[in-house]
Amino acid sequence: MKSKKFLLEEKEIPTAWYNIMAEMKNKPRPILNPQTKQAMTVDDLQTLFTKAASEQELNMTDAWVEIPEEVRDMYKIWRPTPLVRAYGLEKMLDTPAHIYFKNESVSPVGSHKLNSAIPQAFYCKKEGVTNVTTETGAGQWGAALSMATKHFGLELAVYMVKVSYHQKPYRRSIMQTYGAQVIASPSMSTKAGRRILTDTPNYQGSLGTAISEAVELARSTPNCKYALGSVMNHVSLHQTVIGLEAEKQMAMTGEYPDVVIGCFGGGSNFAGISFPFMRHNFTGERNTRFVAAEPSSCPKLTRGELCYDFGDEAGYTPLMPMYTLGHKFSPANIHAGGLRYHGAGTIVSQLKIDGFVEAVDIQQTETFKAATLFAQAEGIIPAPESSHAIAAAIREAEQAKLEGKQKVILFNLSGHGLIDMTAYDQYIMGDLTNYEVPEEDIKSNIAGLDLII
Ligand SMILES: *Cc1c(COP(=O)(O)O)cnc(C)c1O
């Protein structure tokens, strides 16, 4: 096991996030108020999100947005994160490719989610908010926001997708240890939850349903805001610290990535690792490929349609122009809970239309095979979500071997899997299943949405 780390000093933590929308030639289409079909304004968004997040969401002009000092101070707990040359993995694959990964698993909660949880909690504090609601899939976002809200003295209620609540009880304990209230979703505590439980009593939940519940609670609680851990433009903005650091670290290696890979749930860690590199494609200076790796059981980028769709199951959010499987889509219970989301976000959707982003879909067993190989080669047990990026990186490395070509691969290790060992147990026992979504399911879920031609 021989890896090489490229480390930055604390003072090299970026001082500004990169706002890709300012430099996109074709801007993402506007998000719409579902009643009036008018473009949402900062004032509209502020009924749900903080003012700062609402402004960032719609900011199409400033390429750089300053990171507040209080946020940078918190980032110092674990940032800058290491960039690692995966010699062990290269050797096991016997590939001519050079493989690098950015290790976001070193954060206190074990994933990249803290990069956005901290600024979102900070803005709540600054704007005098006292209560926050959110949803969480596998529990990673909930854990990150629990830590961040506690630091800034805020109360947090988390709706956790029921299947994960039972599959990953330790993530619930982590959130409770940080002092958050955790509710399995769907629950009887909201109208949206009661409606779905009445129709389908055994429903195991989805991110879309948990979002509906969290939004409803935020709307009915005084001085309360809602915080989202992915999908939205402001979340992608905060995650660009990943790629900005990686860019400096790649310069230290003397190489530049030919392909940048991230796993894809709502798109935030993919945005984080790729947008800072993509800006050099916009100017024609570089021709890097960007690959989003999604599960075959939730294939919005590879098989979804470009539509105006809701971000949640009940239809409480604005309408967003994005690749989607339909907001009623109910993904199979795969272990990569953080990737079980029906839509792709507006920025990445536009970048895919414009040819800057490619997507691949990967079956669950291939991701666990890749994860196991990576653990044995590099010593880190990856999150089931991150294993999609690893599997895609391995495909690229094997392709390089077939073609006998040198290639530089960079992927984001979005989190570790030490709290996902029941999933590994199932893989070891040979009990994991693959899921392929029938074409009719996608068609029927999308029927009735406004297709964007
Ligand atoms: C939440 C999560 C993801 C998926 O979310 P994105 O917004 O697409 O990044 C991926 N990996 C890990 C470890 C996560 O916790």
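Note that the structure is a prediction, hence the values are computed from the model and not measured. Every number for a ligand or one of its atoms is a count from 1 in the order of the listing.
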- [ ] Applying ring pair (Phe, Tyr, Trp, His ring centres under 6.0 Å), run through F277 and F290 and close with a yes or a no.
- [x] CA-CA 9 Å; F277 289 96; F290 299 93; 7.4 Å; no
Looking at [atom], what's its closest protein heavy atom, distance included?
atom	value
atom 14 (C) of ligand 1	K113 NZ, 2.8 Å
atom 7 (O) of ligand 1	S230 OG, 2.5 Å
atom 8 (O) of ligand 1	G265 N, 2.7 Å
atom 4 (C) of ligand 1	G338 O, 3.4 Å

Numbering the atoms of ligand 1 from 1, which are under 4.0 Å from a heavy atom of [X]?
X	result
G415	13 (C)
C263	10 (C), 11 (N)
Q140	13 (C), 15 (O)
E385	10 (C), 11 (N), 12 (C)
S414	10 (C), 11 (N), 12 (C), 13 (C)
L339	4 (C)

Output yes when [X] and [Y] qualify as a salt bridge under the 4.0 Å nitrogen-oxygen rule, no when they do not.
X	Y	value
E104	R79	yes
E127	K225	no
E294	R303	no
D420	R171	yes

Parallel, tilted or perpendicular, judged at 30° and 60°: which one describes the rings of [X] and [Y]?
X	Y	value
F101	F411	parallel
Y123	H238	tilted
Y18	W64	tilted
Y424	F368	perpendicular

Open item on the list: Looking at ligand 1, is there an atom of it that comes within less than 4.0 Å of some heavy atom belonging to H112?
Closed with: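 Yes; H112 lies near enough to ligand 1 that a heavy-atom distance drops under 4.0 Å.
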- [ ] Would you check whether A383 has a nitrogen or oxygen atom less than 3.5 angstrom from a nitrogen or oxygen atom of ligand 1?
- [x]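 No, A383 has no N/O under 3.5 Å of an N/O on ligand 1.
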Open item on the list: Geometry only, no angles: is G267 polar-contacting ligand 1 at N/O separations under 3.5 Å?
Closed with: yes
